[in-house]
K.L.:
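A single structure is presented below for examination.
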2 protein chains.
Amino acid sequence: MAVTIRDVARRAHVSVATVSRALTSPELVRPETRTRVLAAATELGYQPNRAARGLITGKTGNIGIVVPDLDNPFFTGVLKAVQARAMQADYAVFVADSDEDPVAEAKLVHAMAKQVDGVVLCAPGLEDSQVYEVAGATSLVLLNRRLPGVPAALMDSAGGMHAVIDHLVALGHHRVAYLNGPRTSWSNQERRRGLMKAVAKHGVDLVDLGPFAPRYEGGLQAADLAVAADTTAIVAYNDIMALGVLARLRDRGISVPGDVSVTGFDDLTYASLCSPALTTVAMPVAQAGRTAVNLLLDWLDSDHTDVPQIVAETQLIVRGTTTPPKR
Amino acid sequence: MAVTIRDVARRAHVSVATVSRALTSPELVRPETRTRVLAAATELGYQPNRAARGLITGKTGNIGIVVPDLDNPFFTGVLKAVQARAMQADYAVFVADSDEDPVAEAKLVHAMAKQVDGVVLCAPGLEDSQVYEVAGATSLVLLNRRLPGVPAALMDSAGGMHAVIDHLVALGHHRVAYLNGPRTSWSNQERRRGLMKAVAKHGVDLVDLGPFAPRYEGGLQAADLAVAADTTAIVAYNDIMALGVLARLRDRGISVPGDVSVTGFDDLTYASLCSPALTTVAMPVAQAGRTAVNLLLDWLDSDHTDVPQIVAETQLIVRGTTTPPKR
DNA sequence: TTGAAAGCGCTAACAC
DNA sequence: GTGTTAGCGCTTTCAA
């Protein structure tokens with residue numbers, strides 16, 4: 001068995017209470033005692049049992065994150081930042097992958113609830129009411145989704161999408177296809193909102209396609225529909241779909257950007273490695289991940305009068321898949 | 001506060017002990033009692049507190065996984081499978097990212113040790129002695145690394161690299177550059193082992209370059225060196241480096257595969273989306289991830305006489321970046 | 001088959 | 001400033 005607080009107490013010739021205090025509230029013990037306890041703890045290699053501590057304090061020192069797909073670099077980008085920031089704050093992190101299934105998303109939060117102080121939730125597919133329901137089980141911070149009363153780390157997708165249309169219009173495009181991600185996804189709604197606003201402003205002719213699975217395969221499928229609609233530019237819901245579109249167009253001998261311009265969204269690392277490199281919108285995932293953890297930690301000892309929702313800026317990255325149309 | 005075992009006991013008109021038994025050792029209670037308890041538990045939405053249970057059983061119901069880089073799809077591929085398999089077995093999973101730092105890798109395992117029943121360790125940079133040292137802290141399964149006495153989920157990288165050379169030789173290449181990953185990495189050693197064997201067998205002229213950082217930037221840097229060495233084929237340690245090589249060659253106006261053939265390793269999804277698509281070796285990451293969890297779970301209730309090390313097969317994927325050399 | 005009670009490792013009153 | 005003690009939610013003897 002591992003070394004317990006009792007072993008340390010014995011070794012330092014004090015009571016277990018003093019050891020506990022020396023470790024968690026140093027100001028409550030005499031400096032010399034504290035030193036002695038700390039020395040004993042170090043010699044023994046003592047590590048407090050967090051589960052036992054949690055049982056009594058009600059805090060676990062853990063946070064959770066649930067994401068729809070760990071194969072999607074967008075979410076692992078968030079995850080990486082979340083885990084880094086959490087570790088810095090001395091929290092450990094549980095991950096769960098819902099496999100894009102809303103039912104699983106809710107279930108996973110509930111399952112985690114007992115073991116964490118709060119969770120960062122990336123659940124684009126969950127209904128609002130469901131989100132409120134799971135919010136009852138544990139403290140929640142939403143990532144990339146805004147809901148009244150729930151803290152959130154957001155990214156300005158609408159603004160990014162507006163910039164995409166501004167860019168295409170500037171190049172001379174008038175007829176544009178938008179490849180929808182999942183209809184109910186907050187992310188898709190936001191992107192579409194920015195799109196519609198820009199489209200209306202510029203009087204662009206919009207062909208609204210989909211919804212498609214926000215995956216490579218979805219792009220493969222969407223490409224043919226977009227081509228049939230005879231547009232000069234294809235705006236994909238995200239990079240992965242755009243990559244699928246690019247692959248399909250290449251297979252069909254349709255040149256990008258010669259015959260058609262294509263844009264993605266997210267700025268995944270690998271999207272810049274295609275030839276031509278993808279024009280896309282950079283999402284500040286790392287920043288949002290860090291922010292989410294900060295919000296969560298703040299939320300845990302706040303009176304909840306103020307519900308922070310922080311928006312990080314997106315940025316259009318113009319690369320090789322967009323040029324003026326031929327006709 | 002959440003609903004406890006006491007609430008259930010009260011509701012079912014039994015003692016807490018009976019509730020506990022009904023939930024964990026059904027055969028010890030009368031069927032009717034059991035039914036009554038289960039009903040009460042369901043009505044109340046009771047979920048046992050795992051921390052409290054762990055305190056007494058010594059098992060946490062959690063496993064950990066530590067990886068060098070959550071931005072690397074290779075590791076998130078493993079992670080996804082690990083988490084899926086763990087959830088299936090009713091385990092929750094902790095993740096930690098060491099940021100490629102061996103010191104952090106060891107520290108993270110120690111930090112996790114108290115909260116998990118075991119950990120899946122992806123630590124290419126850790127020294128053997130360090131691995132044994134952390135193995136003292138908790139049950140370990142190594143991923144993609146073989147060490148006597150420690151269970152491991154392996155992939156036949158050496159075989160995959162041998163197949164790469166066989167392929168290049170068959171195309172007519174005689175002078176090949178190998179771009180090393182980190183020298184001390186087990187993975188690089190394995191790949192190099194397969195390479196050396198094949199090179200010796202075929203009498204290929206090998207230019208051994210590096211080590212380089214196993215990242216996109218490493219490939220950027222390596223490309224120029226490989227070109228200067230005047231080889232007809234470049235074998236990269238992994239796909240990410242190969243992607244860097246491709247980008248750099250494109251920038252320099254060197255055609256692939258016209259002027260030089262390039263191969264990667266790992267078969268990341270996005271490696272198939274470059275133009276031309278990358279010839280590479282598929283690593284069975286999902287399979288290895290699942291296997292790792294299975295091994296860990298088995299290990300937990302085994303007598304440790306048998307140390308399983310399971311090797312999954314790799315597969316050469318020939319795509320567009322390899323052709324016969326011009327000269 | 002069930003209940004009473006001890007106790008896992010720890011923190012938080014409450015005494016001193 | 002420090003020790004004693006109760007008890008967090010649960011499982012597991014030990015009796016009945």
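Quick caveat: nothing in here was measured; it's all calculated off a predicted structure. Just so it is clear: chains get the letters A, B, ... in the order the sequence lines come, proteins before strands, and each one is counted from 1. The analysis underlying the following values was restricted to heavy atoms, covering all of them including side chains, and did not include hydrogens, waters or symmetry mates.
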K.L.:
According to a strict under-4.0 Å criterion, is B:Ser15 in side-chain N/O contact with OP1 or OP2 of C:dA4?
P.N.:
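It does not, given that no N or O in the side chain of B:Ser15 lies less than 4.0 Å from OP1 or OP2 of C:dA4.
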
K.L.:
Separation of A:Ile5 atom CD1 from C:dG9 atom P, in whole Å?
P.N.:
11 Å

K.L.:
How far does CD of B:Gln47 sit from NE2 of A:His110, to the nearest 0.5 angstrom?
P.N.:
8.5 Å

K.L.:
Give me the residues of residues 107-119 of chain B where at least one heavy atom lies under 4.0 Å from an atom of DNA chain D, by number, or none.
P.N.:
none

K.L.:
Within the supplied structure, the quantity of interest is the number of heavy atoms (other residues, nucleotides, ligands) at a distance under 6.0 Å from A:Lys59 NZ; does it exceed 12?
P.N.:
yes

K.L.:
Which residues satisfy the salt bridge (Lys or Arg N to Asp or Glu O under 4.0 Å) test with A:Asp99, sequence neighbours excluded?
P.N.:
B:Lys80

K.L.:
Five pairs per end, C1' atoms only: what is the angle between the end axes of the helix from C:dT1-D:dA16 to C:dC16-D:dG1, to 10 degrees?
P.N.:
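One end's axis against the other's: 40°.
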
K.L.:
Can you list, in residue-number order, the parts of residues 20-33 of chain A that come under 4.0 Å of DNA chain D, counting heavy atoms only?
P.N.:
A:Arg21, A:Leu28, A:Val29, A:Arg30, A:Thr33

K.L.:
For side chain to side chain donor-acceptor pair (under 3.5 Å), just list the numbers for B:Asn294 and B:Arg85, CA-CA rounded to whole Å, side-chain angles, deciding distance to a tenth of an Å, and then say yes or no.
P.N.:
CA-CA 8 Å; B:Asn294 289 337; B:Arg85 180 69 190 92; 2.6 Å; yes

K.L.:
Flag yes if more than 12 heavy atoms outside A:Lys114 fall under 6.0 Å of its NZ atom; otherwise flag no.
P.N.:
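It does: A:Lys114 NZ has more than 12 such atoms within range.
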
K.L.:
Rounding to an integer number of Å, can you tell me how far B:Asp7 CG sits from D:dC10 C1'?
P.N.:
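Rounding to the nearest Å, CG of B:Asp7 and C1' of D:dC10 are 13 Å apart.
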
K.L.:
State, yes or no, whether a side-chain contact exists between A:Tyr46 and A:Asp7 at a heavy-atom distance under 4.5 Å.
P.N.:
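No, too far: nothing below the 4.5 Å cut-off.
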
K.L.:
Mind calculating the distance between CZ (A:Arg34) and P (D:dG1) to the nearest angstrom?
P.N.:
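About 13 Å, once rounded to whole Å.
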
K.L.:
Quick one: do B:Arg146 and B:Asp128 satisfy salt bridge (Lys or Arg N to Asp or Glu O under 4.0 Å)? Show the steps, please.
P.N.:
CA-CA 10 Å; B:Arg146 169 177 266 140; B:Asp128 290 358; over 6 Å; no

K.L.:
Give the nucleotide from the list D:dG3, D:dC8, D:dC10 with an atom nearest to the side chain of B:Ile56.
P.N.:
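Closest nucleotide among those given: D:dC10.
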
K.L.:
Heavy-atom contacts under 4.0 Å between residues 38-53 of chain B and DNA chain C, which residues?
P.N.:
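Heavy-atom cutoff 4.0 Å gives no residues at all.
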
K.L.:
Who are the salt bridge (Lys or Arg N to Asp or Glu O under 4.0 Å) partners of B:Asp101, not counting sequence neighbours?
P.N.:
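Testing B:Asp101 for salt bridge (Lys or Arg N to Asp or Glu O under 4.0 Å), a comparison that skips the adjacent residues, returns none.
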
K.L.:
Please report the distance, rounded to the nearest Å, between CZ in A:Arg10 and C1' in D:dG3.
P.N.:
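Rounding to the nearest Å, CZ of A:Arg10 and C1' of D:dG3 are 16 Å apart.
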
K.L.:
Counting C-beta onward and ignoring hydrogens, is there a side-chain heavy-atom pair between A:Val67 and A:Phe74 closer than 4.5 Å?
P.N.:
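A side-chain contact is absent here, since even the closest heavy-atom pair is not under 4.5 Å.
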
K.L.:
Less than 4.5 Å apart, side chain to side chain, heavy atoms only: is that true for B:Val311 and B:Met155?
P.N.:
no

K.L.:
Using a strict 4.0 Å threshold on nitrogen-to-oxygen distance, state whether A:Arg50 and A:Asp90 make a salt bridge.
P.N.:
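Counted as a salt bridge, because a side-chain N and a carboxylate O are separated by less than 4.0 Å.
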
K.L.:
Heavy-atom distance under 4.5 Å between the side chains of B:Tyr91 and B:Val116, does that happen here?
P.N.:
no

K.L.:
Would you say C:dT11 has OP1 or OP2 under 4.0 Å from some side-chain N or O of A:Thr57?
P.N.:
no

K.L.:
Kindly point out which of D:dT11, C:dA4, C:dG9 is positioned nearest to the side chain of B:Ala17?
P.N.:
C:dA4

K.L.:
Take atom CD of B:Glu127 as the centre, draw a 6.0 Å sphere, and report whether it contains more than 12 heavy atoms from other residues, nucleotides or ligands.
P.N.:
no

